[in-house]
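First up is the structure itself, then whatever we jot down about it.
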Amino acid sequence: MPFIPHTEEDVREMLAAIGVGSFEELFDEVPRELRGRVGASVPPGLTEMEVTRLMHRRAERDGSWLNFIGAGAYEHHIPAAVWQIATRGEFYSAYTPYQAEASQGTLQLLFEYQTMMASLAGLEVTNASLYDGASALAEAVLMAVRAHKSARRVLIPATVNPVWRKVVRTIVRNQGIELLEAPYCSAAGHTLPGALEKFAAQDLAALVVPQPNFFGVLEPVDELADWAHAHGALAISVVNPVALALLKPPGQWGADGADIAVGDGQPLGVPLASGGPYFGFMACRRALTRQMPGRIVGETVDTDGRPGYTLTLQAREQHIRRSKATSNICTNQGLMVTAATIYMALLGPAGLARVARASHANALALATKLAEIEGVARAFSGPIFHETVLRLPVPVAPVMRALKAQGILGGLNLKHAYPELGDALLVCATETKNEQDLAFYAENLARIVGKRQAPRSGALKPTNS
Amino acid sequence: MPFIPHTEEDVREMLAAIGVGSFEELFDEVPRELRGRVGASVPPGLTEMEVTRLMHRRAERDGSWLNFIGAGAYEHHIPAAVWQIATRGEFYSAYTPYQAEASQGTLQLLFEYQTMMASLAGLEVTNASLYDGASALAEAVLMAVRAHKSARRVLIPATVNPVWRKVVRTIVRNQGIELLEAPYCSAAGHTLPGALEKFAAQDLAALVVPQPNFFGVLEPVDELADWAHAHGALAISVVNPVALALLKPPGQWGADGADIAVGDGQPLGVPLASGGPYFGFMACRRALTRQMPGRIVGETVDTDGRPGYTLTLQAREQHIRRSKATSNICTNQGLMVTAATIYMALLGPAGLARVARASHANALALATKLAEIEGVARAFSGPIFHETVLRLPVPVAPVMRALKAQGILGGLNLKHAYPELGDALLVCATETKNEQDLAFYAENLARIVGKRQAPRSGALKPTNS
Amino acid sequence: MLIFELSRPGRHSKGLSPHAAPGQGAIPEKHLRAQPPLLPEVSELDVVRHYTGLSQKNFSIDTHFYPLGSCTMKYNPRACNALAMLPQFLARHPAAPDDTGQGFLECMFELQELLKEVTGMEAVSLAPMAGAQGEFAGVAMIRAYHDSRGDAGRREILVPDAAHGTNPASAVMCGYTVREIATDAEGNVDIAALGSAVGPHTAGLMLTNPSTLGVFERGILEMGTIVHDAGGLLYYDGANLNAILGEVRPGDMGFDVIHINLHKTFSTPHGGGGPGAGPVGVNARLAPFLPLPLVAEAKGAYRLLGDADRPLSIGRLGAQLGNAGVLLRAYIYARMLGLEGMRRVAAFATLNANYLMAELRKAGFELAFPRRRASHEFLITLQGLKQRTGVTAMDVAKRLLDKGAHAPTTYFPLMVPECLLIEPTETESKRTLDAFVAAMKEILAEASENPALLKNAPHTTPVRRLDDVKAAREPRLTWKSP
Amino acid sequence: MLIFELSRPGRHSKGLSPHAAPGQGAIPEKHLRAQPPLLPEVSELDVVRHYTGLSQKNFSIDTHFYPLGSCTMKYNPRACNALAMLPQFLARHPAAPDDTGQGFLECMFELQELLKEVTGMEAVSLAPMAGAQGEFAGVAMIRAYHDSRGDAGRREILVPDAAHGTNPASAVMCGYTVREIATDAEGNVDIAALGSAVGPHTAGLMLTNPSTLGVFERGILEMGTIVHDAGGLLYYDGANLNAILGEVRPGDMGFDVIHINLHKTFSTPHGGGGPGAGPVGVNARLAPFLPLPLVAEAKGAYRLLGDADRPLSIGRLGAQLGNAGVLLRAYIYARMLGLEGMRRVAAFATLNANYLMAELRKAGFELAFPRRRASHEFLITLQGLKQRTGVTAMDVAKRLLDKGAHAPTTYFPLMVPECLLIEPTETESKRTLDAFVAAMKEILAEASENPALLKNAPHTTPVRRLDDVKAAREPRLTWKSP
Ligand SMILES: Cc1ncc(COP(=O)(O)O)c(C=O)c1O
Ligand SMILES: Cc1ncc(COP(=O)(O)O)c(C=O)c1O
């Protein structure tokens with residue numbers, strides 16, 4: 001049978017060595033009535049050849065698309081070396097590096113990762129990953145509340161990814177933490193420090209500051225971080241790691257810098273892949289180290305005095321501290337971090353900055369092109385990174401369907417998350433797009449919007465969005 | 001620039017260390033008039049991202065097909081482990097194992113390969129690969145002539161792959177070797193020992209015996225090998241390595257066995273890939289070892305007495321023997337052999353036999369189904385392995401085009417290679433086909449042949465083949 | 001050598017980023033960073049060589065026997081990796097419309113169905129990204145259930161003292177207090193202690209069965225009755241599902257909610273620390289609370305369900321549908337096993353564990369629970385050896401590295417002194433197990449003859465024994481340019 | 001441990017072959033084999049672990065500096081591997097109609113064009129599967145050319161005595177006799193000797209330029225005139241094309257026919273011995289003789305040309321269009337380099353070689369041609385060292401393995417005693433070259449202080465120095481069950 005190496009003779013010898021006569025007997029401590037009821041509807045096993053064909057067919061069915069959706073998951077070119085190395089068996093099939101001497105490959109890589117990520121964030125300490133950006137934000141909220149000691153309220157702007165806000169709610173609500181929502185400026189598309197004053201009297205553990213925010217707009221991060229500190233709250237930054245190649249690192253925001261930085265590491269060499277696995281990163285100032293959730297690698301020496309790497313500060317973690325741990329996280333997203341580390345090493349500071357600049361330039365060019373279409377306009381005046389909100393003169397959903405018929409995924413419809421924005425669309429362009437792509441999108445959008453604004457008599461009735 | 005790690009500072013330091021002022025000076029021994037004329041029409045460099053997109057587009061353009069062509073290159077399932085391991089950098093990016101102590105991975109693998117391949121062939125000695133099956137046959141012909149010493153004529157049946165026969169001609173003709181063609185039995189589809197009698201008087205160095213032959217038919221190999229030996233010729237077998245999981249190995253053909261076995265190793269885990277790289281294998285009896293072309297690995301010991309592996313018997317090879325070498329081959333097809341070795345180890349004797357039996361069963365089932373179509377008949381009565389010749393009642397080419405429109409590659413048209421067979425088609429089915437595939441082919445062929453035999457008035461005129 | 005030490009200012013693999021490098025565009029000056037981040041400036045070849053070299057410093061399933069108890073280090077089929085990484089799967093954006101991902105969603109739907117079937121639960125969500133997140137989701141559902149009934153006094157979760165650390169930590173994240181239940185001499189949960197612990201404050205019991213002590217809780221049905229009668233729910237920590245897959249189903253044992261570590265039982269790779277996937281399964285009364293998204297099917301079309309479809313859901317645990325690529329790998333594995341294959345997992349995992357246990361006992365090792373059958377893993381204690389020779393479980397673990405085997409889990413569960421938790425898994429051959437027994441025998445001999453050899457082990461790894469105390473006392477968590 | 005030693009009768013990875021295993025079908029008994037072949041009976045995990053472990057015993061570009069002269073061991077970009085292995089490329093049958101392979105054929109056509117452009121030749125065939133097969137094809141074209149003119153007396157091919165062994169061997173395979181031409185003191189072909197060797201019997205001269213001695217043949221134009229005036233043709237062995245790519249073209253030097261080792265200059269992997277690709281390029285008068293198939297384009301459609309299109313062709317060298325997957329990798333590499341990238345190959349390869357040569361000279365090593373510029377490689381001779389210390393080029397080579405560098409090519413070309421041919425390639429950094437110089441310095445010191453250390457080297461490799469004599473005297477070429 002697949003993956004079981006035993007010959008009949010092996011089985012005989014082994015049962016005899018154990019001193020039982022059959023497999024049955026191996027389970028003699030299990031109540032009889034519980035046994036053998038396993039799901040007969042599981043389909044019979046496929047050979048590797050059969051499953052290969054099946055999966056190829058399903059993959060082909062899903063096709064290839066010209067994608068302009070971002071909204072928290074970004075399409076970037078991933079150098080071929082990244083995954084050819086990350087899937088080497090020695091990385092791919094190792095466990096968490098509990099036996100440090102037998103895991104120096106993973107451990108040194110994580111130490112290098114921590115160095116790179118800490119520098120990107122401009123903070124001293126990072127861990128070796130959390131599940132994803134959204135759950136990392138939830139952990140940051142919990143961490144801030146632990147660190148703050150007295151306050152249990154956290155202020156989160158509406159410009160933070162709405163799904164992430166839901167995730168935070170799911171994760172923290174049972175611990176009696178209250179989440180407050182800060183409004184955004186409907187003209188600029190970012191949070192206004194002035195608008196936070198109404199929360200000044202609340203005892204706040206933290207203010208969350210996204211950069212860029214969900215609309216792709218750059219927030220006044222210096223002012224926001226300072227506001228948080230002025231009000232006795234920690235500043236939690238939510239950042240895109242590729243953007244950090246260009247943007248001021250959270251550790252330098254305002255007078256004192258953000259205290260914690262989190263984000264989704266997916267843009268660093270992790271494929272979109274229908275949503276995962278990605279990884280969450282978290283960095284903080286040194287003073288918060290012992291509040292940090294998750295694994296941390298430290299440098300030390302061996303008995304010969306040579307440098308080596310090991311999991312450290314484990315007294316924060318569940319396997320030591322159990323119910324008093326900083327988090328329940330155990331298995332994290334190590335292989336994704338492996339890929340991200342290789343990605344960052346391949347790109348280097350100059351390469352990553354090029355990716356960021358080209359993405360920004362493409363997004364700007366696209367926004368400009370699309371806003372030239374009759375009736376289409378940019379929703380916000382604030383500066384953007386690589387994503388922007390457009391207002392359409394017609395409902396978004398049917399337009400997206402019409403674009404899809406041309407092979408284009410035109411962006412994310414904001415109707416449900418931000419009904420106040422009307423027929424609004426969140427569009428992203430990274431370095432993966434070229435001029436023809438942008439032109440192709442613009443031509444199609446112009447055609448579709450044009451047609452829908454003035455439907456010809458006798459033609460299709462405009463579909464309801 | 002891509003793949004060049006030098007910084008400007010490096011370049012300055014290095015030029016200074018050399019004692020030159022510029023790159024120019026490094027080429028000062030090259031006649032001036034020869035320099036700088038390099039092809040301006042070479043397109044500018046693409047980034048990895050751009051070339052990735054280009055190649056994905058080209059690959060998608062080539063599509064996916066339901067393939068029933070064999071004719072010397074066979075579609076088999078290749079376990080995923082094969083290429084994930086073979087493309088590990090340590091195998092992929094190593095050179096020929098000249099420094100044995102730094103190449104034990106490749107060398108031990110080749111030693112294992114030699115053991116497996118020798119056993120498949122039933123002969124004592126194999127080399128570490130030749131370019132492909134066709135050129136391996138040419139090398140075998142040269143080897144037989146060297147070994148035979150007096151004769152320079154080799155008898156090759158018309159049932160040997162016609163392209164391979166062309167290759168042999170290209171490679172041996174400048175050395176004054178004459179190739180004679182033995183006819184086949186038009187009823188059975190294989191060579192008849194009796195029909196060779198007319199060549200009995202020719203001074204023959206070797207008789208080539210394919211198994212299965214190009215028509216998929218099994219040859220009377222025992223009689224043919226004995227005939228060769230009775231006439232003072234060597235017997236060179238041309239075999240399919242997957243078939244050898246079931247079929248009598250060349251070393252056991254007739255009273256004394258074939259002297260040399262060659263074939264294409266592609267069926268052993270090497271993708272079809274538009275024709276290469278594949279690899280040629282060659283095995284022989286021990287007495288012929290020193291006539292063998294190509295690299296051979298031997299077991300030896302190191303200074304501590306531990307076993308180790310090394311290239312051996314190099315006095316046969318061009319880098320030692322130069323113009324007196326057994327062949328000019330240097331770079332061979334090592335990585336393909338790496339894959340084949342992993343493939344054979346994964347499949348084992350039982351797995352390889354299952355592949356062979358399932359292929360045979362599918363080919364039989366397909367042949368039976370297709371021969372039930374009105375006007376379609378099997379061309380030969382001889383037993384087959386996994387390929388067969390069908391006669392159609394209409395020209396083959398337009399039928400193949402019509403099948404292609406349904407996504408089916410229906411087989412190889414034999415019109416050019418074997419005009420005497422009329423509207424003949426060579427069809428193959430391996431273990432990769434299931435019942436629905438066979439039925440789909442049969443239905444479509446029935447429909448197409450039916451329509452072409454009785455074209456409806458007003459409908460398309462039958463196209464000329 | 002760290003990658004930073006290979007760095008040279010100004011080096012850059014040009015072909016890996018866009019050729020055209022526009023300036024800062026429309027980004028205001030005040031938003032820009034003043035100094036580039038500390039990423040290495042190295043060539044593509046440097047990177048390939050550096051990380052290929054690092055990889056070779058790891059033990060892994062692909063290179064070594066890895067009998068790490070509780071972790072189920074079995075063979076990760078290469079086909080799962082190859083097929084989950086087909087270009088169309090990798091390229092798909094998570095927010096792309098469902099109709100652009102029917103192939104993918106079909107796999108996810110079928111995986112939900114398969115998991116229901118093999119666990120005996122009535123509904124499954126694939127959302128949790130690891131076992132611990134599954135635990136969080138499971139306990140959050142327990143809480144949502146009690147809350148939905150207005151049963152607000154239940155503020156305590158019970159866990160056996162042998163439980164994995166994630167169990168109490170997860171319960172606390174859901175706002176519960178945790179009470180530990182003792183273990184009896186035979187490794188079972190002390191049923192009397194359980195009986196006296198339950199009450200109207202009991203929200204539920206979290207249980208691993210077979211337990212982390214490597215034995216099957218014989219009183220499982222009784223325990224279920226005790227907890228249910230007290231109004232609590234029964235949570236199954238599926239980390240040890242490999243021990244029963246194809247033999248017994250958690251649903252049939254009476255569990256209300258479970259998680260499954262796909263990176264254990266369904267053989268997705270551990271990746272040096274993750275990613276995993278921790279789907280949760282529930283019986284009917286907890287189904288409305290399952291985390292989102294879920295995959296639904298209607299007339300052969302698949303779609304993701306959200307808040308609007310499931311108003312009582314505990315919500316979302318991550319930004320997307322869990323660790324999709326891990327789920328794909330598990331799906332492929334499950335399809336290759338099929339019913340027959342799954343039926344054999346527990347049987348052979350148990351055979352291997354009991355064989356190894358029997359052979360180690362013959363070799364002179366002391367079993368923690370000598371009168372019990374091993375599940376898919378078992379515990380030995382080196383307490384006696386330590387008293388005789390001073391050699392600890394840690395020393396033995398380190399010495400095993402020299403012998404080419406990864407060490408078993410050490411010092412867990414905590415209440416068995418000097419223990420090694422050994423889990424061979426079903427994918428290892430008798431030959432490998434015999435080699436491990438031989439190595440353990442050698443170590444036993446060395447412990448008497450030359451204990452220093454063990455105290456100073458390992459000797460053959462890329463580094464010798466590392467100073468963990470120094471690492472924690474003087475944390476050096478990032479590289480600094482000298 | 002050999003894979004056979006892991007074998008156990010009856011073991012079988014069932015999922016890797018068809019479940020349904022029909023019997024012998026319609027195969028007559030007399031055709032069947034009596035005994036199964038000696039393939040190992042092991043599990044998938046055994047295979048993965050065994051060959052992963054073996055791979056770790058190799059030096060390779062991805063793990064080590066590999067300055068193997070004449071072999072051009074430069075970085076093999078991972079993108080080339082990934083893209084050449086896209087599913088559609090891998091699945092395509094070679095006999096599938098041309099219209100099902102337009103994407104592939106377009107790459108092949110463009111590769112032909114690119115190679116013409118960078119070599120200055122007028123037509124190219126991609127058919128030869130390695131350099132040596134390219135040589136065969138090239139010499140066969142020379143012969144076909146003379147034959148086509150009825151010029152049948154030309155029965156001799158000239159090669160320099162420093163030529164690679166494949167040159168004379170290839171000439172002989174084409175039915176020629178070989179005459180060697182001596183080298184002068186500066187490493188050039190002795191032009192006087194060449195002048196007196198040519199005549200009406202001369203079919204051609206095979207030349208590597210820069211030569212295998214690591215220097216550019218300064219008299220190349222004169223040599224061309226001598227051979228052409230005698231009615232012979234000039235053959236270019238392109239193994240060293242990396243030394244001039246982007247600087248000088250063989251076509252401009254006067255060569256009539258060339259081969260190119262794509263596995264060197266175009267960075268396709270060497271794969272532990274192959275596959276390679278050895279396309280041939282020719283000027284107009286040899287074009288009709290090019291080997292088949294060729295790729296032609298008309299109105300954007302691509303097709304393979306066969307005998308009917310090219311009646312004068314020397315024919316086919318293999319069953320298909322050469323090593324297609326290697327050609328794809330070379331094409332991808334060429335597209336990534338582009339014109340600017342190609343222009344820099346020779347410049348930086350030459351910079352690295354001259355730098356390394358200068359530094360080794362400073363370190364005390366003796367250059368074979370101290371007054372010459374290095375091409376992309378250079379020769380040192382340890383003749384003096386051997387006389388002083390008894391340490392040979394082989395000892396130094398083996399000791400380098402201990403220092404983490406692959407050895408340079410040893411004892412080639414044959415006429416320079418105790419030589420090492422060193423080729424760093426353009427993809428290695430100054431840092432790596434400096435580390436190599438440091439290692440060579442250490443070895444030089446060791447040679448005086450402790451020659452036994454070198455004589456017994458290597459010390460750190462998986463095996464110590466192997467007994468090649470025993471291997472050849474008592475050939476053990478396959479494993480036999482003990
Ligand atoms: C018994 C047990 N429970 C829970 C977990 C936690 O699972 P994960 O690491 O996937 O979060 C583990 C994992 O080690 C475990 O062994
Ligand atoms: C100078 C020279 N010529 C020819 C060859 C032969 O090329 P191949 O090994 O590709 O057959 C080589 C390869 O080693 C070489 O270095």
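Labels below follow one simple rule: chain letters A, B, ... track the order of the sequence lines, proteins then strands, and each chain is numbered from 1. As the structure is a prediction and not an experimental result, all values here were calculated from the model. As a basis for the values below, the full set of heavy atoms in this structure was taken, side chains included, without hydrogen atoms, waters or symmetry mates.
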>> Between B:Q333 and B:S129, is the side-chain hydrogen bond (donor to acceptor under 3.5 Å, both in side chains) condition met? List the steps.
In response: CA-CA 6 Å; B:Q333 308 280 121; B:S129 83; over 6 Å; no
>> Less than 4.5 Å to any heavy atom of chain B: does that hold for the side chain of D:L68, its backbone, both, or neither?
In response: side chain
> What part of D:R372 lies closer than 4.5 angstrom to a heavy atom of chain B: side chain, backbone, both or neither?
Replying inline: both
> What part of B:N161 lies closer than 4.5 angstrom to a heavy atom of chain D: side chain, backbone, both or neither?
Replying inline: neither
> For D:M73, is it the side chain, the backbone, both or neither that has a heavy atom under 4.5 Å from a heavy atom of chain B?
Replying inline: side chain
> D:R464 and B:E101: salt bridge (charged side-chain N to carboxylate O under 4.0 Å, His left out), yes or no, with the steps?
Replying inline: CA-CA 7 Å; D:R464 302 278 304 282; B:E101 297 84 359; over 6 Å; no
> Among D:V248, D:V42, D:V48, D:N81, who wins on heavy-atom pairs under 4.5 Å with chain B?
Replying inline: D:N81
> Counting heavy-atom pairs under 4.5 Å to chain D, which of B:Q104, B:E431, B:Q252, B:H360 comes out on top?
Replying inline: B:H360
> For D:K14, is it the side chain, the backbone, both or neither that has a heavy atom under 4.5 Å from a heavy atom of chain B?
Replying inline: side chain
> Given that the side chain runs from C-beta out, which part of B:R322 has a heavy atom under 4.5 Å from chain D: side chain, backbone, both or neither?
Replying inline: both
> What part of B:R295 gets closer than 4.5 Å to chain D, counting heavy atoms only: side chain, backbone, both or neither?
Replying inline: side chain
> Relative to chain B, which segment of D:R143 carries a heavy atom at a distance below 4.5 Å: side chain, backbone, both, or neither?
Replying inline: side chain
>> Less than 4.5 Å to any heavy atom of chain B: does that hold for the side chain of D:T63, its backbone, both, or neither?
In response: side chain
> Does any heavy atom of chain B fall under 4.5 Å from the side chain of D:M357, the backbone, both, or neither of them?
Replying inline: neither
> Less than 6.0 Å separating the ring centroids of D:F412 and D:H164?
Replying inline: yes
>> I'd like to know if D:R465 and B:D302 make a salt bridge, using a cut-off of under 4.0 Å between side-chain N and carboxylate O.
In response: no
>> Quick check on B:V297 against chain D: is it the side chain, the backbone, both or neither that has a heavy atom closer than 4.5 Å?
In response: backbone
> When only pairs under 4.5 Å are counted, which of B:S103, B:S64, B:A100, B:G308 shares the most heavy-atom pairs with chain D?
Replying inline: B:S103
> With sequence neighbours excluded, what pairs up with D:P269 under the side chain to side chain contact (heavy atoms under 4.5 Å, CB included) test?
Replying inline: B:Y92, D:N76, D:R329
>> With salt bridge (charged side-chain N to carboxylate O under 4.0 Å, His left out) as the criterion, how do B:E29 and D:R373 come out once you've worked through the C-alpha distance, each side chain's angles and the decisive distance to 0.1 Å?
In response: CA-CA 7 Å; B:E29 296 190 357; D:R373 207 54 97 197; 5.6 Å; no
>> Evaluate D:R11 against D:E41 for salt bridge (charged side-chain N to carboxylate O under 4.0 Å, His left out), listing each step before the verdict.
In response: CA-CA 5 Å; D:R11 184 145 52 214; D:E41 298 177 76; over 6 Å; no
>> Taking side chain as everything from C-beta outward and backbone as N, CA, C, O, which of these in B:I85 sits under 4.5 Å from a heavy atom of chain D? Side chain, backbone, both or neither.
In response: side chain
> Side chain, backbone, both or neither: which part of B:A118 has a non-hydrogen atom closer than 4.5 Å to chain D?
Replying inline: side chain
>> Could you walk me through whether B:K248 and B:D222 satisfy the side chain to side chain contact (heavy atoms under 4.5 Å, CB included) test, starting with their C-alpha distance in whole Å, then the side-chain angles of each, then the deciding distance to 0.1 Å, before giving a yes or no?
In response: CA-CA 10 Å; B:K248 192 188 284 182; B:D222 297 316; 2.9 Å; yes
> Which residues satisfy the side chain to side chain contact (heavy atoms under 4.5 Å, CB included) test with D:S55, sequence neighbours excluded?
Replying inline: B:R88, B:E90, B:F91
> Is the shortest distance from a Lys or Arg side-chain nitrogen in D:E106 or B:R58 to a carboxylate oxygen in the other one below 4.0 Å?
Replying inline: yes
>> For a salt bridge (charged side-chain N to carboxylate O under 4.0 Å, His left out) check, start with the C-alpha distance between D:K116 and D:E113, then their side-chain angles and the critical distance, and finish with the verdict.
In response: CA-CA 5 Å; D:K116 279 158 60 178; D:E113 295 299 305; 3.1 Å; yes
> Does any heavy atom of chain D fall under 4.5 Å from the side chain of B:L109, the backbone, both, or neither of them?
Replying inline: both
> Using non-hydrogen atoms only, which part of D:A358 is less than 4.5 Å away from chain B: side chain, backbone, both, or neither?
Replying inline: side chain
> From B:S119 OG over to B:E124 CD, what is the distance, rounded to the nearest 0.5 angstrom?
Replying inline: 11.5 Å
>> Can you tell me which portion of D:I314 sits under 4.5 Å from chain B's heavy atoms? Options are side chain, backbone, both or neither.
In response: both
> For D:Q102, is it the side chain, the backbone, both or neither that has a heavy atom under 4.5 Å from a heavy atom of chain B?
Replying inline: both
>> Let's test your reading of the structure: which of D:P475, D:G276, D:C107, D:A407 forms the most heavy-atom pairs below 4.5 Å with chain B?
In response: D:C107
>> At a 4.5 Å cut-off on heavy atoms, which part of D:I220 comes close to chain B: side chain, backbone, both, or neither?
In response: side chain
> Is chain D contacted by the side chain of B:F279, its backbone, both, or neither, given a heavy-atom distance below 4.5 Å?
Replying inline: neither
> Is it the side chain or the backbone of D:H12 that comes within 4.5 Å of chain B heavy atoms, both, or neither?
Replying inline: side chain
> Does the ring-ring contact (aromatic ring centres under 6.0 Å, His included) test come out yes or no for B:F23 and D:F348, once each step is laid out?
Replying inline: CA-CA 8 Å; B:F23 277 104; D:F348 282 85; 4.9 Å; yes
> Please walk me through it: do D:H64 and D:H406 pass ring-ring contact (aromatic ring centres under 6.0 Å, His included)?
Replying inline: CA-CA 7 Å; D:H64 296 82; D:H406 194 278; 8.4 Å; no
>> I'd like to know if D:E247 and B:R35 make a salt bridge, using a cut-off of under 4.0 Å between side-chain N and carboxylate O.
In response: yes
> At their closest point, which heavy atom of B:P383 faces which heavy atom of D:A26, and how far apart are they?
Replying inline: CB-O, 3.9 Å
> Between D:R316, D:M253, D:Q320, D:M342, which residue shows the highest count of heavy-atom pairs closer than 4.5 Å to chain B?
Replying inline: D:R316
> So which part of D:Y51 gets closer than 4.5 Å to some heavy atom of chain B, the side chain, the backbone, both or neither?
Replying inline: both
> Considering only heavy atoms, which portion of B:L246 lies under 4.5 Å from any heavy atom of chain D: side chain, backbone, both, or neither?
Replying inline: both
>> Closer than 4.0 angstrom, basic N to acidic O: yes or no for D:K470 and D:D467?
In response: no
> So which part of B:K324 gets closer than 4.5 Å to some heavy atom of chain D, the side chain, the backbone, both or neither?
Replying inline: neither
>> Counting only non-hydrogen atoms closer than 4.5 Å, does B:T289 touch chain D with its backbone (N, CA, C, O), its side chain (CB onward), both, or neither?
In response: side chain
> For D:L477, is it the side chain, the backbone, both or neither that has a heavy atom under 4.5 Å from a heavy atom of chain B?
Replying inline: both
>> What part of B:V337 gets within 4.5 angstrom of chain D, counting heavy atoms only: side chain, backbone, both, or neither?
In response: neither
> Where on B:N67 is there a heavy atom nearer than 4.5 Å to chain D: the side chain, the backbone, both, or neither?
Replying inline: side chain
> Hey, which of B:H6, B:E13, B:Q175 has the most heavy atom pairs under 4.5 Å with chain D?
Replying inline: B:H6
> Hey, is the main chain of D:T166 close enough, under 3.5 Å, to the side chain of B:Q318 for a donor-acceptor pair?
Replying inline: yes
>> Is B:L364 in contact with chain D via its backbone, its side chain, both, or neither, using a 4.5 Å heavy-atom distance?
In response: side chain
